[in-house]
Amino acid sequence: MSVSTAAHPSWSEIVDYWLGDTELPLTEAIDEHLLHCDACGAVFDEVVALSHAVRDAFAHGLVPTAVTPGFIDRLRAAGVRVREYHVPRNGSVLCSVAPEDDVLVGRMQVPLAGVARLDALVTVSLEADWEQRLQDLPFDASAGEVLLVSKIAEVR
């Protein structure tokens, strides 16, 4: 899609723009559009604020989610202290966290051959009534594992 000052970029285009995932012609068109459109500028400001809030919640261990191995690699490269546990298929593992740990990751061994989409229902034994449905989790079928980040703030 070509964006001009007359055509407003979509929400997903603005998000992709913020993440640096747009091709150069679209990036330049959105740059130009944001210079002239206060309404789209306000949407862009919301995307930026939302990203900061999500980053802050994740940094404080408040967000359980599934991530990719590359994401964990980038966290480590940025100096984030990651505690990992490998959870065998149909198994469990006793885990702990140290005060210096920033992120707690469970590498769940799962047979993923032929799986196109993966959803999960996460139940935390520390909270009898707490469960969360995670939809469309990222995974690499050939790796046979899903990486789940726990709410480290609650594990502590």
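Numbering starts at 1 and runs along the sequence shown.
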Problem set entry | Asp102/Arg81 under salt bridge (Lys or Arg N to Asp or Glu O under 4.0 Å): CA gap, chis, key distance, verdict | CA-CA 5 Å; Asp102 297 314; Arg81 293 169 305 248; 3.1 Å; yes
What is the minimum heavy-atom distance between [X] and [Y], and which atoms define it?
X      : Y      : value
Thr27  : Tyr17  : O-CE1, 3.7 Å
Arg83  : Ala98  : NH2-CB, 3.4 Å
Ile152 : Asp101 : CD1-O, 3.9 Å
Ile14  : Cys40  : CD1-O, 4.3 Å
Thr68  : Pro138 : CG2-CB, 3.7 Å
Gly41  : Leu34  : N-CD2, 3.8 Å

Supply the atom-to-atom distance [X] [atom1] to [Y] [atom2], rounded to the nearest 0.5 angstrom.
X      : Y      : atom1 : atom2 : result
Asp119 : Leu134 : CG    : CG    : 8.5 Å
His86  : Leu147 : NE2   : CG    : 8.5 Å
Asp21  : Ser12  : CG    : OG    : 11.5 Å
Ser92  : Tyr85  : OG    : OH    : 13.0 Å

Exercise. Can Asp56 and His52 be said to form a side chain to side chain contact (heavy atoms under 4.5 Å, CB included), step by step?
Worked result: CA-CA 6 Å; Asp56 189 51; His52 290 303; over 6 Å; no
Are [Y] and [X] linked, directly or through intermediate hydrophobic residues, by side-chain heavy-atom contacts shorter than 4.5 Å (ILVMFWY only)?
X      : Y      : result
Trp11  : Leu19  : yes
Leu26  : Leu24  : no
Leu121 : Met108 : no

Exercise. Is there a side-chain contact between Ile72 and Glu84 (heavy atoms, below 4.5 Å)?
Worked result: yes
Exercise. Could you walk me through whether Leu112 and Val146 pass the side chain to side chain contact (heavy atoms under 4.5 Å, CB included) check?
Worked result: CA-CA 9 Å; Leu112 297 168; Val146 175; 4.2 Å; yes
For this session: Go through Val115 and Val110 one step at a time and tell me if the side chain to side chain contact (heavy atoms under 4.5 Å, CB included) criterion holds.
Result: CA-CA 10 Å; Val115 173; Val110 182; over 6 Å; no
